[in-house]
Amino acid sequence: MWSSLAGSVSPGAGWVRPCRMTLVARTVEEAACPAFEWVGCNGWVGSPSMAKPPVLTPQAEDFPRWYQDVLNKAELADNGPVRGTMVIRPYGYSIWEQMQAQVDARIKGAGASNAYFPLFIPESYLKREAEHVEGFSPELAVVTHAGGKQLEEPVVVRPTSETVIGESMSKWIQSWRDLPLLLNQWANVVRWELRPRVFLRTSEFLWQEGHTAHATESDAAGYARQILHDVYEDFMVNVLALPVVVGCKTPAERFAGATNTMTCEAMMGDGKALQMGTSHELGQNFAKAFNITYLDDTGTQQLAWTTSWGVSTRMVGGLIMGHGDDAGLRLPPRLAPIQTVVVAVRDDEAVIEQCRVIAQALEAAGVRTRLDVDTSTSMGRRVTDWEIKGVPVRLELGPRDLAAGEVTLARRDDGSRTAVPIDGVAAAVQGTLELIQSDMLTRARDARLARTVSVETVDEAVEAAAVGWATLPWDRVGPEGEAALGSHAMTVRCLVRPDGSVPDSVGETDLIAVVARSY
RNA sequence: CGGGCUGUGGCGCAGCUUGGUUAGCGCGUCGGUCUGGGGGACCGAAGGUCGUGGGUUCGAAUCCCGCCAGCCCGACCA
């Protein structure tokens with residue numbers, strides 16, 4: 001619909017700003033909440049004594065509670081009746097649908113095709129790959145009874161589908177001509193969780209899981225990286241406006257059964273990290289377990305090399321916590337299900353008619369538009385509601401605007417309001433949407449840099465990661481350092497090269513570890 | 001699984017210490033009037049087996065015991 005922004009995807013040099021430890025001393029409150037943002041956005045910042053109580057719990061007061069408030073008041077999701085499950089409400093689901101559509105298009109662009117594999121997996125399948133079953137068994141939901149009697153072999157509800165898909169791959173792949181086999185499925189999966197959080201960690205969630213088989217290790221490695229960069233990083237940076245750090249997981253943090261796990265990590269509004277998506281090289285582990293073999297062009301039987309990769313509804317949580325402020329959600333225009341809302345200020349025939357005309361013009365220009373002529377609800381209430389829902393641009397039209405031939409354009413991201421002529425408003429909105437998209441990315445990147453500190457020791461990293469992220473040489477950490485970080489509820493989120501690029505393997509020298517608290 | 005806590009209209013809470021007629025409050029919901037440029041005001045209404053089972057008592061939301069559910073904090077995960 002509109003051209004992609006100029007910003008390049010690759011982080012390049014200078015992706016982390018080295019700075020003094022003094023910056024670390026800033027409290028979370030100071031970093032997250034500059035001043036009186038809670039009063040609303042702009043306009044009146046009345047005296048605190050007169051101010052109404054904030055609609056949402058301020059982030060600086062209680063970030064988890066703020067998150068809960070946003071989920072409720074923006075009508076994104078409820079808790080389900082079974083602990084750890086969630087009900088995704090229509091507005092929340094429309095956000096997910098946007099993610100699906102735009103990720104799916106990129107997946108197709110990478111050559112993969114969608115298919116569907118069963119929810120139920122024979123328990124024995126999981127057991128075929130030792131590390132895999134060990135990693136997942138604690139969180140498996142297992143069906144032992146069905147059809148009124150006990151099953152001969154229990155079936156597990158899929159926690160991920162490497163095993164069933166591996167079984168199909170072994171049937172479908174005979175020759176080198178069948179490779180690469182590039183599959184994807186959109187599905188729900190179940191991982192029984194002890195500490196659930198809506199969107200971030202629930203016992204059931206929605207995701208996309210890609211599974212591919214290749215003739216050579218380098219083909220598999222290349223494809224896993226193609227997905228990582230061209231699908232995930234590109235989507236997160238250019239659509240979600242979240243400047244993710246992309247790197248390799250340490251062996252301790254690897255996916256169960258993988259030989260290499262690569263990740264996109266985003267910083268949330270409270271300085272914690274969130275794993276937004278992963279792409280795995282599975283080596284020949286699953287090929288061996290499921291006998292995925294092919295005849296090469298010399299007639300020799302060979303084991304295939306497989307990959308898997310996924311992003312989930314967790315990204316919705318990342319979007320909320322990555323961009324949200326004390327007035328609620330802030331959606332980047334390219335993702336927003338509603339990009340612009342046209343609000344009629346008064347119950348006035350001419351005003352409402354003009355609103356309709358404007359909304360039609362916007363739709364015709366390809367802007368996802370909502371018309372709000374619910375004048376029985378107070379203006380202030382409607383404005384607040386649209387802000388909580390994070391709609392990027394709000395057009396307010398009342399008798400005063402109409403008389404002046406103007407409409408008031410309010411930006412959700414920075415709270416600014418300007419009058420624009422009604423003639424040509426669609427073009428103005430389109431321009432503003434592009435501006436918001438790039439400003440949100442810039443703001444998020446600056447915020448992350450400001451809270452990322454380069455240090456030299458594990459102890460310094462512990463201090464720095466209390467409020468943000470720390471980077472330090474990986475050879476100063478090692479398995480022992482990783483354990484030490486764990487005792488402070490911190491982890492190495494990923495390993496990157498000094499220039500910010502993704503290592504070929506974690507065995508490279510001079511790698512940098514990114515340390516943070518995480519969700 | 002170990003430690004701390006909570007169950008009262010849709011949501012958030014008060015009441016319990018010291019038992020006493022009709023269980024309150026805020027938000028939300030519904031109706032109405034005035035309003036309307038940043039969660040408007042007023043009037044009226046609906047909505048509750050006080051988690052559950054037992055016990056004490058003339059009388060239990062309140063005291064005692066059991067059970068259940070949930071929340072927060074410590075080991076795994078997209």
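Below, chains carry the letters A, B, ... as their sequence lines are ordered, and counting in each starts from 1.
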Sugar-phosphate, base or nothing in reach of A:R400, heavy atoms under 4.0 Å = base
task = Under 4.0 Å between any heavy atoms, over every strand shown, what does A:E396 touch: base, sugar-phosphate, or nothing? Just pick one.
result = base
remark   = Side-chain atoms of A:R314 come closest, of B:rG37, B:rC71, B:rC77, to B:rC77
message = Whether the side chain of A:S279 engages the backbone of A:A224 through a donor-acceptor N/O pair (distance < 3.5 Å, no angle test) should be reported.
response = yes
message = Just to be sure I understand the rule, does A:T313 reach a base, reach only the sugar-phosphate, or reach nothing, if contact means heavy atoms closer than 4.0 Å?
response = nothing
task = Quote, to the nearest angstrom, the C1' distance that separates B:rU8 from B:rA69.
result = 15 Å
key: Distance-only side-chain donor-acceptor flag, A:Y67 / A:D62, under 3.5 Å   = no
inquiry  = From the set B:rC71, B:rC77, B:rG37, return the single nucleotide nearest to any side-chain atom of A:P399.
reply    = B:rG37
Nucleotide nearest A:R201 when distance is taken to its side chain, options B:rC71, B:rG37, B:rC77 = B:rC77
ask   = Under 4.0 angstrom, heavy atoms only, what part of the nucleic acid is A:N72 near: base, sugar-phosphate, or nothing?
value = nothing
ask   = When you compare B:rC63 with B:rC25, how far apart are their P atoms, in angstrom units rounded to a whole number?
value = 23 Å
ask   = So, A:T263 and A:T278: side-chain donor and acceptor under 3.5 Å apart, yes or no?
value = no
query = Can a donor-acceptor pair be found between the side chains of A:Q59 and A:D270 at a distance below 3.5 Å?
reply = no
key: A:S518 versus A:R493, closest heavy-atom pair with distance   = OG-NH1, 3.2 Å
task = Measure from NE2 on A:H280 to P on B:rC77 and round the result to the nearest Å.
result = 11 Å
ask   = Can you name the salt bridge (charged side-chain N to carboxylate O under 4.0 Å, His left out) partners of A:R225, sequence neighbours left out?
value = A:E281
request  = Give the rounded distance in Å between these two atoms: CZ of A:R65 and C1' of B:rC72.
outcome  = 14 Å
remark   = With the side chain defined as heavy atoms from C-beta on, A:R83 is closest, among B:rG37, B:rG70, B:rC77, to B:rG70
query = Taking the same atom, P, in B:rG10 and in B:rA46, what whole-Å distance lies between them?
reply = 16 Å
query = Can you list the residues that meet the salt bridge (charged side-chain N to carboxylate O under 4.0 Å, His left out) rule with A:D401, with sequence neighbours excluded?
reply = none
request  = For B:rG53 versus B:rC68, give the span between their C1' atoms, rounded off to a whole number of Å.
outcome  = 10 Å
inquiry  = Students often get this wrong, so: under 4.0 angstrom with heavy atoms, is A:S279 touching a base, only sugar-phosphate, or nothing?
reply    = nothing
Length of the CG-P vector between A:L140 and B:rC76, whole Å = 17 Å
ask   = B:rU35 C1' sits how many Å from A:R346 CZ, rounded?
value = 9 Å
ask   = Base, sugar-phosphate alone, or nothing: which one does A:S518 contact when heavy atoms must sit under 4.0 Å apart?
value = nothing
remark   = Between A:L397 and A:G310, whichever has its closest RNA chain B nucleotide further toward 5' is A:L397
inquiry  = Each nucleotide in nucleotides 27-34 of chain B should get exactly one letter: B, S or -. Can you fill that in based on protein heavy atoms under 4.0 Å?
reply    = -S------
task = In whole angstrom, give the distance that lies between atom CD of A:E265 and atom P of B:rC77.
result = 14 Å
query = For RNA chain B, whose closest nucleotide is more 5', that of A:V345 or that of A:G486?
reply = A:V345
task = Please measure how far the C1' atom in B:rG9 lies from the corresponding atom in B:rG54, and state the result in whole Å.
result = 27 Å
task = Please list, by residue number, the residues of residues 250-260 of chain A whose heavy atoms come closer than 4.0 Å to an atom of RNA chain B; answer none if no residue qualifies.
result = A:F255
query = Between A:R493 (CZ) and B:rC77 (P), how many Å, whole number?
reply = 11 Å
ask   = Which class fits the ring pair A:H280 and A:F255: parallel under 30°, tilted 30 to 60°, perpendicular over 60°?
value = parallel
Test item: A:S168 side-chain N/O and A:I165 main-chain N/O as donor-acceptor pair under 3.5 Å = no
query = Does a side chain donor of either A:T384 or A:W386 reach within less than 3.5 Å of an acceptor in the other side chain?
reply = no
task = Can you tell me, in whole Å, how much space there is between the P of B:rU35 and that of B:rA41?
result = 16 Å
ask   = For atom C1', what is the distance between B:rU49 and B:rG7, given to the nearest Å?
value = 15 Å
inquiry  = Rounded to whole Å, how long is the line connecting atom NZ of A:K249 with atom C1' of B:rC76?
reply    = 14 Å
query = A:R330 pairs by salt bridge (charged side-chain N to carboxylate O under 4.0 Å, His left out) with which of A:D439, A:D414, A:D325?
reply = A:D325
Sorted by number, the residues of residues 182-195 of chain A with heavy-atom contact under 4.0 Å to RNA chain B = A:R191, A:E193, A:L194, A:R195
inquiry  = Can you give me the dot-bracket string for RNA chain B, 5' to 3', counting Watson-Crick and G-U wobble pairs with both distances under 3.5 Å, using [ ] for crossing pairs and | for partners on another strand?
reply    = (((((((..((((......[...)))).((((((.....)))))).....(((((..]....))))))))))))....
ask   = Do A:E482 and A:T250 have a side chain donor and acceptor closer than 3.5 Å?
value = yes
query = On the ring face of A:Y91, is A:R89 found with NZ or CZ under 6.0 Å from the centre and within 45° of the axis?
reply = no
request  = Using the C1' atoms only, state how far B:rU33 lies from B:rG26, rounded to an integer number of Å.
outcome  = 24 Å
ask   = Is the backbone N or O of A:G257 less than 3.5 Å from a side-chain atom of A:N285, with the two atoms forming a donor-acceptor pair by type?
value = yes
query = Whole Å only: how far is the CD atom of A:Q68 from the P atom of B:rG12?
reply = 10 Å
query = Should the pair A:W207 and A:F205 be assigned to parallel (<30°), tilted (30 to 60°) or perpendicular (>60°) ring geometry?
reply = perpendicular
message = With heavy-atom distances below 4.5 Å as the criterion, would you say the side chains of A:V244 and A:Y232 are in contact?
response = no
